[in-house]
Amino acid sequence: MQPAPASSASINNCQTRPTRQSSLSFRAESRNLLLTVNEERKSLEQRAQMTDVERLRHSAAHVLATAILKIWPEAQFAAGPPVENGFYYDVDLSHRISPEDFDKIEAEMKKEIKANHSFERMEVSRDEALAMANRGELGALSARSEPSKYKLDIIENIPADEKISLYRNGEFVDLCAGPHAKRTGDIGAFRLTNVASAYYKGDEKNPQLQRIYGTAFKTKKELDDYFAMLEEAKKRDHRKLGRELELFVFDDDVGPGLPMFLPRGAVVAEELEKLAKETEFAAGYQRVRTPHIARESLYKKSGHLPYYAESMFPPMSIVEEGKRREHMELVIDRAKLQHELETGQWSDSQAGDQFDAWEEREKIDSKIDQLSDRYYLKAMNCPHHHKLFAALPRSYRDLPLRLAEYGTDYRYEKSGELFGLMRVRSLQMNDAHIYMTPEQFEAEFNAVNEMYLNYFKLFGIDKYLMRFSTHDPAGLGQKFVDEPELWKQTEEMTRRVLKDSGINYVEVANEAAFYGPKIDVQVWSVIGREFTIATNQVDFAQPRRLNLVYKDRDNKEKTPLCIHRAPLGTHERFIGFLIEHYAGNFPLWLAPEQVRILSIGDEPELLRYARAIHTELRANQVRAEIDESTDKINGKIQRAEQMKVHTMLVIGKRDMDANAVSIRVHGKGNLGAKPRGEVIADLLSAIKERRA
RNA sequence: GCCGACGUAGCUCAGCUGGUAGAGCAGCGGUUUCGUAAACCGCAGGUCACGGGUUCGAAUCCCGUCGUCGGCUCCA
């Protein structure tokens with residue numbers, strides 16, 4: 001799992017979760033700073049590949065630093081790269097920069113841009129660079145009493161064979177690989193957006209810096225469009241719409257990251273389940289059901305525990321009735337011993353006694369351990385499914401065996417990573433595990449991909465990308481199971497299928513699951529925001545660890561290959577995505593309330609007619625409601641529109657006399673009157689066919 | 001987890017430098033009989049997230065806890 005921003009974090013069926021900090025770190029004692037060093041660096045060539053807008057943003061970062069120095073000359077700068085939607089510069093400054101300071105900083109930036117300084121590149125020797133940094137001249141307007149400490153560190157980490165370059169714009173000189181725009185005046189339009197804190201090099205052992213974010217474009221128009229897009233995204237924010245449309249809620253007493261679906265949200269989840277069940281039934285999957293918890297032994301065998309324990313809720317310890325007394329006695333003994341260890345005066349001559357006490361404590365601990373059983377809330381469904389595979393003798397004739405379940409999992413996401421429905425601690429996944437022979441892999445993998453593509457079509461997802469994550473041989477035995485041959489085989493198979501099927505994919509090294517190569521599926525909502533929604537993983541390790549076997553033609557027992565797949569990801573994230581994608585305007589088949597009947601007035605005869613239609617629709621499983629409030633028709637329409645009810649059937653005396661109804665569709669307005677029977681038939685067929 | 005901002009009625013928000021908590025919508029009770037985005041009147045609703053402190057007096061100031069949000073290498 002790559003450390004990714006919450007909005008793009010991936011969903012894993014089950015796999016290792018490296019910490020945010022995957023780089024090797026050590027303390028540089030020579031300075032006050034505690035620094036870490038990265039394993040990998042981008043080469044200069046790689047970095048020189050910047051698009052025009054990236055150059056411009058990179059230059060904007062330098063202009064930002066220039067402006068900050070004009071106001072706070074003592075500021076120390078670290079890194080200031082262009083990023084996806086703009087740029088930032090990390091600054092170490094005792095003054096806390098807040099958005100109130102932005103006007104002042106932007107005004108200085110504008111002066112720099114107006115002055116239209118050129119960006120001059122200078123190559124210097126390592127010694128010159130170090131000397132300048134020591135005089136505080138890098139990331140600065142002039143020499144200063146304090147050395148440019150971050151720049152010094154950066155220089156020291158530049159490989160000996162790399163050239164060192166500086167860039168100057170006006171008075172500002174910075175250590176910088178470039179490239180840049182030609183002149184500050186090329187920065188057509190910019191704006192500072194926010195300020196956040198960031199550790200130097202992302203390592204919490206390092207000092208915390210203030211990260212000033214901004215964005216820049218060539219033209220004012222592009223900048224305005226960008227902010228308009230942000231506004232639109234705000235309107236579509238699933239947290240806002242989720243509350244307004246009464247889809248889901250969070251409650252402090254239930255707990256952070258534990259969403260509860262209100263009836264309207266539950267409808268969406270259940271319609272998605274219905275879709276998945278129909279699709280999977282047609283594709284030869286079988287449904288299974290498994291508990292939400294399992295004994296520790298299962299995760300020891302599956303291999304998850306050492307890799308994944310941090311992402312799981314802490315275990316529940318249970319002592320069976322018959323063992324409670326013995327357990328209690330041990331606990332008391334341990335407490336006594338602990339007290340002694342903590343309060344006792346242990347002189348040098350008693351070191352041996354102290355050591356014995358430690359040993360004794362360990363013995364007691366292990367006895368306590370043996371008496372108690374630990375259960376974990378499951379964070380993934382695969383081990384349970386693997387156990388179902390193993391539950392019956394399997395023949396090659398049974399393969400491929402496809403076991404599917406909308407499994408409920410619990411993952412202990414770090415508090416700072418929770419985000420609406422996008423990153424939660426309880427989740428339900430459109431999960432399935434396909435067990436097969438290696439010969440069947442290609443066909444099965446293709447079928448899975450085809451399922452993905454069909455879903456994309458149904459939901460109107462035009463842009464997608466499959467990120468194919470492979471292993472790095474250097475990580476064998478640590479991050480990845482030590483099976484070089486199987487890695488090679490499965491990665492080749494996967495790559496070939498992806499290539500042959502013409503699917504849009506990229507290959508990413510070193511991000512595979514611990515048990516095999518993995519594909520994360522990224523999709524883009526209609527407003528262009530990226531979501532990592534689904535996952536598809538090859539597993540050759542767990543089946544072996546759990547002794548899964550089938551009897552092959554040659555009467556030999558063999559280990560099956562397994563594909564983990566979850567095309568609809570989790571309900572939580574997929575619904576979050578759909579809310580934004582549709583801006584809350586769900587297609588008829590997904591709409592929480594498909595039809596609302598609005599009568600004009602409440603004369604008994606008219607109400608009878610309206611109620612008859614309501615009853616008929618509900619008898620046909622249509623989610624229809626009837627608004628019998630005393631509001632006037634405009635009020636009823638307003639309320640239905642606000643709740644984004646898909647179809648409104650407006651019924652007045654005129655309609656009743658003609659045995660008709662007037663149709664109004666959310667977002668489309670009044671579509672006029674039609675015969676009652678025709679309207680109902682149209683609704684039923686649109687729902688059945690899941691028409692948009 | 002770490003840094004920062006924020007937390008007032010179901011929702012959206014007002015409440016100045018400490019002095020009796022307010023509006024609109026939603027809800028409830030009436031009246032209204034209205035043809036495609038808000039009829040009218042009334043009523044009710046808050047331990048100002050929670051806990052502590054300062055003060056004659058705290059929504060307001062301080063500390064802590066909980067929660068939400070922004071961010072935590074896309075590297076000079």
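Since this is a predicted model, take the numbers as computed values, not measurements. Below, chains carry the letters A, B, ... as their sequence lines are ordered, and counting in each starts from 1.
Following rounding to the nearest Å, A:Phe248 (CZ) and B:C11 (P) show an atom-to-atom distance of 14 Å. As a whole-Å value, the separation of A:Tyr89 OH from B:U73 C1' is 14 Å. Between A:Asn634 atom CG and B:A38 atom P there is a gap of 5 Å when expressed in whole angstrom units. If you take CZ of A:Arg264 and P of B:C11, they are 17 Å apart, rounded to a whole angstrom. For the pair A:Phe87 CZ and B:U73 P, the interatomic distance rounds to 19 Å; values are reported in whole Å. Here B:C41 presents its P atom at 13 Å from NZ of A:Lys632, a figure rounded to the nearest Å. The CG atom of A:Leu209 sits 12 Å away from the P atom of B:U73 (whole-angstrom rounding). At whole-Å resolution of the value, CD1 in A:Ile633 and P in B:U36 are 9 Å apart.
If you check the side chains of A:Tyr89 and A:Asp174, you find a donor sitting under 3.5 Å from an acceptor. Judged by distance alone, the side chains of A:Ser662 and A:Asp655 do bring a donor and an acceptor atom under 3.5 Å apart. Inspection of the A:Ser165 and A:Glu123 side chains reveals no N or O donor paired with an N or O acceptor under 3.5 Å. Using modelled atom types and a 3.5 Å distance limit, the side chains of A:Asp602 and A:Thr630 yield no donor-acceptor pair. In the model, A:Asp92 has a side-chain atom that pairs as donor or acceptor with a side-chain atom of A:Tyr150 under 3.5 Å. A donor and an acceptor atom, one from each side chain of A:Asp627 and A:Ser629, are located under 3.5 Å apart.
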Per-nucleotide protein contact along nucleotides 64-70 of chain B, 5' to 3', at a 4.0 Å heavy-atom cut-off (B base, S sugar-phosphate only, - neither), is ---SSSS
Give me the distances for all protein-to-nucleotides 24-30 of chain B N/O pairs that come in under 3.5 Å?
none

Sub-3.5 Å pairs of nitrogen or oxygen atoms, protein against nucleotides 45-47 of chain B:
none

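Heavy atoms of A:Asp90 sit nowhere under 4.0 angstrom from any nucleic acid atom. Using a 4.0 Å heavy-atom cutoff across all strands shown, A:Lys653 reaches at least one base atom of the nucleic acid.
When all heavy atoms of A:Ala129 and A:Ile164 are compared, the pair lying nearest together is CB-CG2, 3.9 Å. Taking each heavy atom of A:His238 and A:Ile579 in turn, the nearest pair found is CA-CG2, 3.7 Å. Nearest approach of A:Gln76 to A:Lys149, heavy atoms of both residues: OE1-N, 3.4 Å.
Distances from the side chain of A:Gln638 to the nucleotides B:A38, B:C2, B:A76 place B:A38 closest. Considering only side-chain atoms of A:Arg211, the nucleotide from B:U73, B:A76, B:G35 that sits closest is B:U73. Side-chain atoms of A:Arg243 lie closest to B:C11 of the nucleotides B:A76, B:C72, B:C11. Listed nucleotides B:A37, B:C2, B:U36 differ in distance to A:Gln642; the shortest reach to its side chain belongs to B:A37. Set against B:C11, B:A76, B:G35, the side chain of A:Arg654 has B:G35 as its closest nucleotide.
A tilted orientation is assigned to the rings of A:Tyr226 and A:Phe217, their planes being inclined by 30° to 60°.
If you take atom P in B:U47 and the same atom in B:A9, they sit 10 Å apart, rounded to whole Å. When the P atom is compared between B:C3 and B:G22, the two are found 39 Å apart, to the nearest whole Å. To the nearest whole angstrom, the two C1' atoms, one in B:U68 and one in B:U36, are 39 Å apart. B:U12 sits 31 Å from B:U73 when the P atoms are compared, rounded to a whole Å. Separation of the P atoms belonging to B:A23 and B:U32 is 28 Å when rounded to the nearest angstrom. Spacing between B:G46 and B:A21 at atom P, rounded to whole Å, works out to 13 Å. Rounded to a whole angstrom, the distance from the C1' atom of B:U60 to that of B:G15 is 10 Å. Across B:U55 and B:G19, the matching C1' atoms stand 12 Å from one another, rounded to whole Å.
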Worked check of salt bridge (Lys or Arg N to Asp or Glu O under 4.0 Å) between A:Arg144 and A:Glu74:
CA-CA 8 Å; A:Arg144 302 182 294 181; A:Glu74 73 279 17; over 6 Å; no
Is there a side-chain hydrogen bond (donor to acceptor under 3.5 Å, both in side chains) between A:His180 and A:Ser59 once you walk through the steps?
CA-CA 6 Å; A:His180 275 279; A:Ser59 299; 2.8 Å; yes
Apply side-chain hydrogen bond (donor to acceptor under 3.5 Å, both in side chains) to the pair A:Glu593 and A:His646, showing each step before the final yes or no.
CA-CA 7 Å; A:Glu593 187 176 341; A:His646 187 282; over 6 Å; no
Steps toward salt bridge (Lys or Arg N to Asp or Glu O under 4.0 Å) verdict (A:Glu232, A:Lys235)
CA-CA 5 Å; A:Glu232 181 60 29; A:Lys235 275 189 230 151; 3.7 Å; yes
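Checked against side chain to side chain donor-acceptor pair (under 3.5 Å), A:Asn85 has no partners two or more places apart in sequence or in another chain.
Scanning residues 659-670 of chain A for heavy-atom distances under 4.0 Å to RNA chain B yields A:Ser662, A:Arg664, A:Asn670.
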Can you give the dot-bracket line for RNA chain B, using ( ) for pairs inside the strand, [ ] for pairs that cross earlier ones, | for pairs with another strand and . for unpaired bases, where Watson-Crick and G-U count if both distances are under 3.5 Å?
(((((((..((((.....[..)))).(((((.......))))).....(((((..]....))))))))))))....
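Considering only side-chain N and O atoms, A:Tyr213 lies under 4.0 angstrom from the phosphate OP1 or OP2 of B:C72.
A:Asp631 and A:Lys636 are not joined by a salt bridge, as no carboxylate oxygen comes within less than 4.0 angstrom of a charged side-chain nitrogen.
Cation-pi geometry between A:Arg121 and A:Tyr167 is not satisfied (NZ or CZ under 6.0 Å from the ring centre, within 45° of the ring normal).
When A:Arg425, A:Arg411, A:Arg423 are each tested for a salt bridge (charged side-chain N to carboxylate O under 4.0 Å, His left out) with A:Glu417, only one passes: A:Arg423.
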